[in-house]
Enquirer: 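Quick one: the structure is below, and I'll ask about it shortly.
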Amino acid sequence: MSRRLRSGLSAVLITLSCLLVPFGALSAWAAYGLADTGRYVTTMAPLAHDPDVREAIADTVGDGIMDEIDHQMDIRVTRGTVAPFVHDAVRSFTQTAAFRTAWNEGNRAAHDAVLRALREGDDGRDRPVTVDLAPVTAQVKAQLTEDHVPLAARIPVEHTEVALLPAQDLGRLRKGFDVLEVAGFWLPVAAVAFAVTGIALAACRRRALTATALGTALGGALLALALAVGRSLTLAGLPDEVSQPAVGAVYDALTATLRTVSWILVALGLTVAAVAWLTHRVTRRRRPTEPSPAPQPQPQPQPQPPTSVEA
């Protein structure tokens, strides 16, 4: 294989490797991070202490309880009388250990339901994926009754289902999830294989290694930028009744690992490129120079003996 052909093929493989870096990291995060129930629950657990998330849950659950009261209790003054107590009780409940347990179990049940819906075969009978808020309502009712709040004992505990995934979107999401599970393994493997092969084929492996490292750093930076843009677009597209701080906290928690990976790629790529450049400089300085040939001694003219002059 000629030197020019090797250089061209090496450049193509290294370029493909650098392009696959952000997509490989994203697909691996989705396949092995979000799709694992244990990791998901561990990631979401700290949000039970986040004030924005607790406030959003208090408003959502409190409004749900008041809607049930309005539908099942024929008392016109109920909302104005009980609503402050209900919201205060829910807000107080979100600060207890029982809420943190319910939060973890609720996230586990919701995640299991979503995964089950995405991994089951399409039988034409897809149903929306929902989560039931009845356990939380029962806890709030018990606390209000214990505090002797008027009408608390008459609060209905209904199975209030909150939709997580609509039925009409399950088919499309199921196909995308299948692709992610395959890409989560093969895209990182392909990126590493292309990089190793490209460096091995390069006519100048030091330059190929430096290019691969800089391309990896660029891919990590683009991934971090995409996460920031995605956060802004997600918050901008929310309805007015949804708490932006709470959604932002959830987004940050879910993408924390991916953001860490992106900055690791940037730091690793820049470090490898800097080490390759410094090694080359040190090697050039220590390389011995060829000694110049010593000048050959010029033959000295021999003195001629004096000639005698005869008288």
Side-chain angles (χ1 to χ4, degrees), residues 22 25-65 86-115 118 129-133 135-137 139-140 160-166 169 173 177 180 220-264 266:
L26 181 61
S27 59
W29 165 76
Y32 299 106
L34 291 183
D36 186 272
T37 301
R39 292 194 184 97
Y40 176 81
V41 174
T42 302
T43 300
M44 298 294 287
L47 292 177
H49 301 276
D50 189 277
D52 294 323
V53 174
R54 290 206 307 255
E55 188 66 24
I57 292 175
D59 292 339
T60 302
V61 176
D63 291 342
I65 293 175
V86 170
H87 283 277
D88 289 342
V90 178
R91 192 174 293 107
S92 177
F93 173 66
T94 60
Q95 300 177 8
T96 64
F99 167 73
R100 292 189 288 273
T101 301
W103 170 261
N104 291 336
E105 293 304 319
N107 277 292
R108 186 182 301 277
H111 194 268
D112 286 339
V114 170
L115 282 185
L118 292 179
V129 181
T130 60
V131 62
D132 191 6
L133 295 180
V136 179
T137 305
Q139 292 277 357
V140 175
T160 306
E161 294 185 342
V162 177
L164 300 177
L165 291 178
D169 293 342
L173 292 175
F177 184 74
L180 274 180
L222 291 177
L223 180 59
L225 179 61
L227 290 175
V229 173
R231 188 182 193 278
S232 299
L233 294 177
T234 299
L235 297 182
L238 292 175
D240 294 336
E241 62 272 13
V242 178
S243 172
Q244 289 194 1
V247 175
V250 174
Y251 184 94
D252 292 339
L254 289 177
T255 59
T257 301
L258 196 56
R259 288 199 310 273
T260 302
V261 170
S262 66
W263 292 118
I264 288 176
V266 173

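Remember, predicted model here, so these are calculated numbers, not experimental data.
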Enquirer: If every non-hydrogen atom of A25 is compared with every non-hydrogen atom of L258, which pair is closest and at what distance?
Expert: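 Distance-wise, the nearest heavy atoms are O-CD1, 3.6 Å.
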Enquirer: With side chains defined as the heavy atoms from C-beta onward, is the minimum distance between D252 and R259 less than 4.5 Å?
Expert: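 Of all side-chain heavy-atom pairs linking R259 with D252, at least one is under 4.5 Å.
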Enquirer: Under 4.5 Å between any side-chain heavy atoms of W29 and V261, yes or no?
Expert: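 They are not in contact (no side-chain heavy atoms under 4.5 Å apart), so the answer is no.
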Enquirer: Please check if the side chain of R231 supplies one atom and the backbone of Y251 the other of a donor-acceptor pair under 3.5 Å.
Expert: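 A pair under 3.5 Å: no.
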Enquirer: For the OG atom of S232 and the CG atom of L227, what is their distance to the nearest 0.5 Å?
Expert: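 One gets 11.0 Å once the value is rounded to the nearest 0.5 Å.
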Enquirer: Under 4.5 Å between any side-chain heavy atoms of T37 and R108, yes or no?
Expert: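 Heavy-atom side-chain distance check passes, below 4.5 Å.
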Enquirer: Rounded to the nearest 0.5 Å, what separation is found between the CZ atom of F177 and the CG atom of L34?
Expert: 9.0 Å
Enquirer: Rounded to the nearest 0.5 Å, what separates atom CD in Q244 from atom OG1 in T234?
Expert: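 That separation rounds to 10.5 Å.
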Enquirer: CG of N107 to CG of L47: how many Å apart, nearest 0.5 Å?
Expert: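 N107 CG to L47 CG: 8.0 Å, rounded to 0.5 Å.
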Enquirer: Search all heavy atoms of D50 against all heavy atoms of A249 and return the closest pair with its distance.
Expert: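 Heavy-atom minimum between the residues: OD2-CB, 3.9 Å.
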Enquirer: Distance from D112 atom CG to Y40 atom OH, nearest 0.5 Å?
Expert: 11.0 Å
Enquirer: Could you check whether any side-chain heavy atom of W103 comes within less than 4.5 Å of a side-chain heavy atom of M44, counting everything from C-beta outward?
Expert: yes
Enquirer: What pair of heavy atoms forms the shortest contact from L235 to G248, and how long is it?
Expert: CD2-N, 3.7 Å
Enquirer: Nearest 0.5 Å, what's the OG1-CG distance between T43 and L254?
Expert: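 Spacing of OG1 (T43) from CG (L254) equals 7.0 Å.
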Enquirer: What closest approach, in Å, do G220 and S262 show between heavy atoms, and which atom pair accounts for it?
Expert: O-CB, 3.4 Å
Enquirer: Is there a donor-acceptor pair closer than 3.5 Å between any side-chain N or O of H49 and the backbone N or O of R100?
Expert: no
Enquirer: Would you say R54 and R91 make side-chain contact, with heavy atoms under 4.5 Å?
Expert: no
